[in-house]
Structure formats: structure tokens, C-alpha cells
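Please read the structure below before turning to the comments.
Order of appearance sets the numbers: ligands from 1, and atoms from 1 within every ligand.
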Amino acid sequence: MAVGIFDSGLGGLTVLDAVAKRLPDLPLVYLGDSAHAPYGVRTPDDIYNLTTKSTQRLFDAGCDLVILACNTASAAALRRMQEGWVPEGKRVLGVFVPLIEALTERQWGDNSPPREVDVKHVALFATPATVSSRAFQRELAFRAIGVDVEAQACGGVVDAIEDGDMILAEALVRSHVDALKRKMPEPDAAVLGCTHYPLMEAAFQAALGPDVKVFSQANLVAESLADYLTRRPEMVGPGTDSAFLTTGDPARVSSRATQFLRRQITFEAA
Ligand code: DGL
């Protein structure tokens with residue numbers, strides 16, 4: 001009975017934490033590919049190869065359902081995985097759709113034609129690979145009309161977070177928000193399109209100002225997973241134990257994760 005949660009590194013812990021609070025009895029196996037983070041500066045082929053390898057590791061750990069708690073992998077690899085790689089009886093879901101459904105005021109599975117929504121000017125903060133995939137704009141265009149999106153590729157932020165250098169991460173957030181505001185002076189909503197960024201949510205909100213509504217994914221994904229498992233309870237796999245796996249150095253990754261989630265997290269080698 002386990003669900004897998006994958007990220008390139010530590011960012012997916014923001015999703016894991018929200019899922020663990022929403023579904024406390026569900027065993028979760030987390031895999032962070034810290035040896036290869038950040039993904040956001042890699043090519044789509046590279047991201048696809050790394051993501052399929054880690055997803056297979058989670059299937060092997062007894063998970064039938066894997067959440068890609070990584071926008072970069074969701075943007076660059078998910079569709080290709082769903083079209084030709086995911087084995088019979090397994091499922092891989094991404095993190096874009098719950099976010100875009102919230103932004104466009106839709107319930108799960110509402111496939112009605114695109115319509116006007118409340119937000120008109122949306123700032124998207126994401127990794128360079130997610131921004132260049134244009135996956136966010138594509139998913140949004142299926143659901144909303146008349147929304148102007150300005151995307152800001154936030155180079156360096158994921159590396160700083162993975163290194164535990166929060167002062168650098170904060171300075172980079174301020175400079176990326178400034179750059180965005182030069183292109184779109186008055187966004188009415190901002191999307192944190194990388195699961196590392198909720199760890200910097202206060203810095204984003206402070207730089208954007210109180211009038212900008214900031215959407216971040218953790219709770220939206222947790223809610224959407226709870227809903228999915230009510231409809232598809234058989235997708236809870238045969239694994240019974242929770243675990244934290246990393247391709248990086250377990251001691252180093254455990255100490256950063258403990259610092260971020262403010263509770264003891266112990267990673268083991270994947
Ligand atoms: N947390 C990831 C995301 O949501 C990963 C970023 C990276 O590895 O560059 O995009």
C-alpha cells in the first residue's frame with residue numbers, strides 16, 4: 001500500500017509533507033535524484049531518461065502510482081512516459097493539472113471548453129526547462145481564455161536550495177521577481193511552478209507584494225491525490241513501508257531535509 005513521490009532533489013518534500021498531512025495512513029516512498037539535480041538546466045532527453053529510471057525504482061519499491069512532484073519532469077517527460085513507457089497496471093501523474101485547475105476555478109475532470117476566468121495577468125516562476133517547454137501555457141490554454149502569462153526562468157534558485165544556501169536563494173528570488181516585474185508590472189496572480197519554490201514562498205510573496213495571490217502546488221496536489229485515490233483505490237500499490245530514498249549522499253540529504261521540514265527525516269541510498 002504505497003504511493004511513490006519523485007523529485008530531482010528536495011523540492012518534492014513540500015508535496016510529500018502536504019500529502020502526509022492529508023492522508024496520514026498512506027505509506028509514501030519518496031525518491032530524490034539529488035545526484036543529478038538540478039534537472040531544470042538539462043535537455044528534455046536527459047530529463048526523460050533520469051525520470052524513467054527513478055520512476056522504475058519506485059515501481060520496484062512496491063508503488064503502482066507515482067507522482068512526479070517535479071514540474072520540470074512533468075513538463076519535459078510525463079507525456080512521453082504516458083504515451084509509450086508506463087507499464088500496464090501502473091500510473092504516473094504530474095503536478096501541473098491540479099494547479100491549473102485551481103487557477104482556472106475548475107473541478108477535477110471538468111473538460112468543458114476554455115472560458116474567461118478571474119485572473120488576467122499571471123506570473124509564472126519556474127526552472128529554465130519548464131519555461132522553455134511551454135507546458136504551463138499549453139495546459140492553461142485548454143481551460144482559459146484571455147489570460148496573459150509572463151514566464152520567468154529562475155536560474156540558480158534550485159541549486160542554492162539544494163546547497164542549503166537560503167541567503168543566496170532569497171537574493172535570487174528578489175532579482176527574478178524584479179526581472180518579471182519589468183516585463184509585467186502588475187501581475188494579479190503568481191504561480192510557483194517548481195516544487196522547490198514553496199520553501200521560498202515568503203520571499204516570493206514579500207517581493208511581489210500583498211496584492212498578488214501566490215499559488216503553490218503542495219496542498220493542491222495533496223487534495224487532488226486524495227480525490228484520485230477515492231475514485232481509484234486499487235492504485236495504492238502493494239508496498240507497506242514508507243521510505244526516503246536518495247541517489248545523493250544520504251547523510252547530507254537527511255540533514256537538509258530535516259532542516260526544511262523541521263522534523264527528523266532519514267534518507268537511505270536508492
Ligand atoms: N522541483 C523541481 C521542479 O518542480 C525541480 C527543479 C530542478 O531540479 O531544477 O521543477
[X] heavy atoms, cut-off 4.0 Å: which ligand 1 atoms fall inside?
| X | answer |
| --- | --- |
| Thr72 | 3 (C), 5 (C), 6 (C), 10 (O) |
| Asn71 | 3 (C), 4 (O), 10 (O) |
| Ser8 | 5 (C), 6 (C), 7 (C), 8 (O) |
| Pro38 | 7 (C), 8 (O), 9 (O) |
| Thr127 | 6 (C), 9 (O), 10 (O) |
| His196 | 1 (N), 2 (C), 5 (C) |
| Asp7 | 1 (N), 2 (C), 5 (C) |

Please check whether [X] reaches ligand 1 - meaning an N/O of the residue sits under 3.5 Å from an N/O of the ligand, judged on distance alone.
| X | value |
| --- | --- |
| Thr195 | yes |
| Thr130 | no |
| Gly40 | yes |

(request) Could you go through the ring pair (Phe, Tyr, Trp, His ring centres under 6.0 Å) check for Phe204 and Phe125 one step at a time? (result) CA-CA 10 Å; Phe204 274 103; Phe125 297 96; 5.1 Å; yes
(request) Show your working on side chain to side chain contact (heavy atoms under 4.5 Å, CB included) between Arg79 and Arg138 and close with a plain yes or no. (result) CA-CA 13 Å; Arg79 184 178 290 197; Arg138 200 170 47 239; 3.6 Å; yes
(request) Please check if Leu168 and Leu10 belong to a single hydrophobic cluster, counting links between Ile, Leu, Val, Met, Phe, Trp and Tyr side chain heavy atoms closer than 4.5 Å. (result) yes
(request) Ignoring hydrogens and angles, tell me if any N or O in the side chain of Thr72 forms a donor-acceptor pair with the backbone of Gly40 under 3.5 Å. (result) no
Should [X] and [Y] count as an ion pair when the cut-off is N to O under 4.0 Å?
| X | Y | answer |
| --- | --- | --- |
| Asp45 | Arg80 | yes |
| Lys90 | Glu88 | no |
| Arg174 | Asp178 | no |
| Arg256 | Glu162 | no |

(request) May I ask whether Ala37 places a heavy atom under 4.0 Å from ligand 1? (result) no
(request) Look at atom 7 (C) of ligand 1 and say which protein heavy atom is nearest, naming residue and atom and giving the distance to 0.1 Å. (result) Tyr39 N, 3.3 Å
